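Here is the structure we will look at, set down as structure tokens.
For the single chain, residues carry numbers from 1 onward in sequence order. The model shown is predicted, which means the values in this text are computed figures rather than measured ones.
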Amino acid sequence: VVIPNGIPAVEFSKSAIGRPAELREILPNDQSPYLIFVGRLSEQKGIMPLMKKIDMLLDDLPDHHLILLGDGPLREEIQQSINKSRNANRVH
């Protein structure tokens, strides 16, 4: 199910001109495979079930990094989940 909500690419840019950042500019190793979530950080988008399984998922995929792009009311709760994760260094 797609629940449309736009997110401005400018918020994720590393430049002042609003150019979307390239993954290799953000992450330590652009050779790694990535799992990507793009969306509003809210219950409606289903991000919390992913966060509850973050260690199981990344333990099963030891070479992967998880990229979360978005903002929303669950941002702090998600950050706390990341901080508690034994794989926090692979979540961006």
Side-chain angles (χ1 to χ4, degrees):
V1 172
V2 175
I3 304 168
N5 290 89
I7 58 170
V10 172
E11 291 181 22
F12 305 103
S13 172
K14 293 188 91 174
S15 75
I17 60 171
R19 178 183 56 80
E22 302 237 357
L23 289 179
R24 67 178 166 268
E25 295 173 357
I26 299 170
L27 301 175
N29 177 359
D30 68 338
Q31 299 300 313
S32 296
Y34 303 110
L35 305 168
I36 302 175
F37 171 91
V38 179
R40 190 168 25 91
L41 305 179
S42 69
E43 290 290 338
Q44 183 185 37
K45 296 295 184 171
I47 184 74
M48 292 316 291
L50 172 64
M51 298 312 297
K52 290 177 181 166
K53 301 286 186 178
I54 194 170
D55 281 323
M56 184 177 75
L57 176 68
L58 291 175
D59 286 347
D60 286 347
L61 300 167
D63 296 330
H64 286 67
H65 287 252
L66 174 62
I67 302 168
L68 305 173
L69 291 175
D71 200 359
L74 295 178
R75 182 184 180 105
E76 290 299 318
E77 189 174 344
I78 289 168
Q79 187 61 58
Q80 289 172 8
S81 293
I82 294 168
N83 293 344
K84 292 177 185 174
S85 168
R86 64 181 167 269
N87 294 293
N89 64 323
R90 294 193 291 135
V91 182
H92 311 276

Find the distance between CG (Asn87) and CG (Asp55) and round it off to the nearest 0.5 Å. 5.0 Å

Passes side chain to side chain contact (heavy atoms under 4.5 Å, CB included), Leu58 versus Val91? Steps please. CA-CA 9 Å; Leu58 291 175; Val91 182; 3.8 Å; yes

Quick one: do Asp59 and Arg86 make a salt bridge, cutoff under 4.0 Å? yes

Mind running side chain to side chain contact (heavy atoms under 4.5 Å, CB included) on Tyr34 and His92 for me, showing each step along the way? CA-CA 10 Å; Tyr34 303 110; His92 311 276; 5.7 Å; no

Taking the side chain as every heavy atom from C-beta outward, state whether Leu61 and Leu35 have any pair of such atoms under 4.5 Å apart. yes

Rounding to 0.5 Å, atoms CD1 (Ile78) and CG (Leu41) come to a distance of 4.0 Å

Measuring from atom CD of Glu77 to atom CD of Gln80, what distance do you get when rounded to the nearest 0.5 angstrom? 7.0 Å

Candidate pair Phe37 and Ile47, rule side chain to side chain contact (heavy atoms under 4.5 Å, CB included), full reasoning: CA-CA 8 Å; Phe37 171 91; Ile47 184 74; 3.8 Å; yes

Any Ser32 side-chain heavy atom under 4.5 Å of Asp63 side chain: no

Determine the minimum heavy-atom distance between Gly70 and Arg75, stating which atoms define it. O-NH1, 4.1 Å

To the nearest 0.5 Å, tell me how far Arg40 CZ sits from Leu74 CG. 9.5 Å

Got a second to check how far Gln79's CD is from Lys84's NZ, nearest 0.5 Å? 11.5 Å

Side-chain touch Met51/Leu68, heavy atoms, less than 4.5 angstrom: yes

Between CZ of Arg90 and CD1 of Ile82, what distance do you get to the nearest 0.5 Å? 13.0 Å

